[in-house]
Amino acid sequence: MPAVTILHNPRCSNSRAALEACRATGNEPDVVSYLQEPLSLEALRDLLSILQDPPSALVRRDPLFRELGLTDADVQTADQVAALLAEHPSLMQRPVLQRDGTAIIGRPPERVAAFLA
């Protein structure tokens, strides 16, 4: 199986489950703790260019999103999403899995198994 990279938040149960699913395939994924090692603007643009989901799906609509006064209109394009996540990495949806020049958001968890298959 080709190498898998997981953008991981160890405090997130879905992220931990995706990591275990990767390991269950017999391969140790490259783990990027994106809160400790935030992605650069360029890396975020690269990620968005291979993401199978719409760019706006990569942004969590959590209390910080509302606290910042953001709306869906603020995260319509890949450039908007990349700029926001470069400034506020905690708003990135997780987990994100990458392999073979493609990436997915591992929600719901069933997507992880299909991606790894």
Side-chain angles (χ1 to χ4, degrees):
M1 169 183 271
V4 174
T5 298
I6 181 170
L7 301 178
H8 179 60
N9 178 346
R11 294 180 51 183
C12 172
S13 61
N14 283 327
S15 194
R16 290 190 309 269
L19 181 58
E20 288 306 313
C22 288
R23 289 176 172 154
T25 66
N27 290 311
E28 183 64 27
D30 293 325
V31 178
V32 176
S33 298
Y34 67 91
L35 292 175
Q36 283 73 39
E37 302 171 36
L39 289 113
S40 68
L41 184 59
E42 182 178 330
L44 286 161
R45 285 185 178 137
D46 290 346
L47 172 63
L48 287 161
S49 74
I50 63 170
L51 189 66
Q52 292 181 359
D53 303 284
S56 64
L58 194 57
V59 179
R60 295 172 54 81
R61 301 331 193 259
D62 66 5
L64 177 59
F65 184 85
R66 292 185 295 280
E67 185 180 304
L68 293 171
L70 298 170
T71 67
D72 287 341
D74 297 308
V75 292
Q76 291 293 312
T77 69
D79 284 338
Q80 288 174 313
V81 170
L84 177 65
L85 295 179
E87 187 172 343
H88 301 283
S90 66
L91 287 176
M92 185 163 39
Q93 193 62 265
R94 72 262 180 173
V96 176
L97 292 90
Q98 298 173 300
R99 181 181 75 187
D100 286 339
T102 191
I104 65 158
I105 299 168
R107 288 176 178 263
E110 298 78 33
R111 292 187 79 197
V112 173
F115 185 73
L116 296 173

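Every value quoted in this text rests on a predicted model; they were computed, and no experiment measured them.
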Problem - Side-chain donor/acceptor of Ser15 to backbone N/O of Asn9, under 3.5 Å - result: yes

Exercise for the section: Without swapping roles, check the side chain of Asn27 against the backbone of Pro29 for a donor-acceptor pair under 3.5 Å. Expected result: no

Exercise for the section: Quick one: list whatever passes side-chain contact (heavy atoms from CB on, under 4.5 Å) with Pro54, sequence neighbours left out. Expected result: Ser56, Ala57

Exercise for the section: To the nearest 0.5 angstrom, please state how far the CZ atom of Arg61 sits from the OG1 atom of Thr71. Expected result: 9.0 Å

Problem - Donor-acceptor contact present, side-chain Glu20 to main-chain Arg16, <3.5 Å - result: no

Problem - Set of residues satisfying salt bridge (charged side-chain N to carboxylate O under 4.0 Å, His left out) with respect to Glu28, sequence neighbours excluded - result: Arg23

Exercise for the section: Report the C-alpha separation of Asp30 and Gln98 in whole Å, then their side-chain angles, then the decisive distance to 0.1 Å, and conclude whether the side-chain contact (heavy atoms from CB on, under 4.5 Å) test is met. Expected result: CA-CA 10 Å; Asp30 293 325; Gln98 298 173 300; over 6 Å; no

Practice task
Not counting sequence neighbours, which residues clear side-chain hydrogen bond (donor to acceptor under 3.5 Å, both in side chains) with Thr77? List them please.
Solution key: Gln80

Problem - Any donor-acceptor pair under 3.5 Å from Arg99 side chain to Phe115 backbone - result: yes

Practice task
Would you mind reporting whether Arg107 and Cys12 have side-chain heavy atoms less than 4.5 Å apart?
Solution key: yes

Exercise for the section: Search all heavy atoms of Asp62 against all heavy atoms of Ser90 and return the closest pair with its distance. Expected result: OD2-O, 4.3 Å

Problem - Partner residues of Asp74 under the salt bridge (charged side-chain N to carboxylate O under 4.0 Å, His left out) criterion, sequence neighbours left out - result: none

Practice task
Flag the pair Leu97 / Arg111 as yes when at least one side-chain heavy-atom distance between them is below 4.5 Å, and no otherwise.
Solution key: no

Practice task
State, with a plain yes or no, whether a side-chain heavy atom of Arg45 is found less than 4.5 Å away from one of Asp79.
Solution key: yes

Completion exercise
The remaining residues in the hydrophobic cluster of Ile50, counting side-chain heavy-atom contacts under 4.5 Å among Ile, Leu, Val, Met, Phe, Trp and Tyr, are none

Exercise for the section: Answer yes or no: does atom CD of Glu87 have more than 12 heavy-atom neighbours from other residues, nucleotides or ligands under 6.0 Å? Expected result: no

Handout entry: Co-members of the apolar cluster containing Leu68 [side chain, <4.5 Å]
Key = Leu7, Val32, Tyr34, Leu35, Leu39, Leu44, Leu47, Leu48, Leu51, Leu58, Val59, Leu64, Phe65, Leu70, Val75, Val81, Leu84, Leu85, Leu91, Met92, Val96, Ile105

Handout entry: Distance (rounded to the nearest 0.5 Å) between Glu37 CD and His8 NE2
Key = 12.0 Å

